[in-house]
Amino acid sequence: MQAVEGQIQTKQVQAAHDDSYQGYSVAVGEFSGDQVEDFVAGVPKGPTLNGSVSILNGTDLTAIMSYTGEQIGSYFGYALA
């Protein structure tokens, strides 16, 4: 991959996570209180197939908060609003 000057990027995940569908759903909002837009990414086939949703800081793309679905196969994180 090539880096684009002045743009931030997420780190590459381990090959074990290739089929998790990270980023299947995405949204933007202000969640950290720093007046910089943050990102929300859905991972419907996340940890243990429960799915997850992560809120990423818009400044450095570190995780602010993560939520995990309660039921296997529920596709939690499929859609965000």
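- Phe39 and Ile64 sit in two unconnected hydrophobic clusters of ILVMFWY residues. Membership requires side-chain heavy atoms under 4.5 Å apart, directly or through other members.
- A perpendicular orientation is assigned to the rings of Tyr24 and Tyr75, their planes being inclined by more than 60° (bins at 30° and 60°).
- Heavy-atom minimum distance, Ser66 versus Ser54: OG-OG, 3.3 Å.
- Partners of Thr59 according to the side chain to side chain donor-acceptor pair (under 3.5 Å) rule, which considers only residues two or more places apart in sequence or in another chain, are Asn57.
- Qualifying side-chain contact (heavy atoms from CB on, under 4.5 Å) partners for Val53, counting only residues two or more places apart in sequence or in other chains: Val40, Phe76, Leu80.
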Donor-acceptor pairs under 3.5 Å, side chain of residues 31-38 to any protein atom, not counting sequence neighbours: which ones?
| residue | atom | partner | partner atom | Å |
| --- | --- | --- | --- | --- |
| Ser32 | OG | Asp34 | OD1 | 2.8 |
| Ser32 | OG | Asp34 | OD2 | 3.3 |
| Ser32 | OG | Asp38 | OD2 | 3.1 |
| Asp34 | OD1 | Val36 | N | 3.0 |
| Asp38 | OD1 | Gly58 | N | 2.8 |
| Asp38 | OD2 | Phe31 | N | 2.9 |
| Asp38 | OD2 | Ser32 | N | 3.0 |

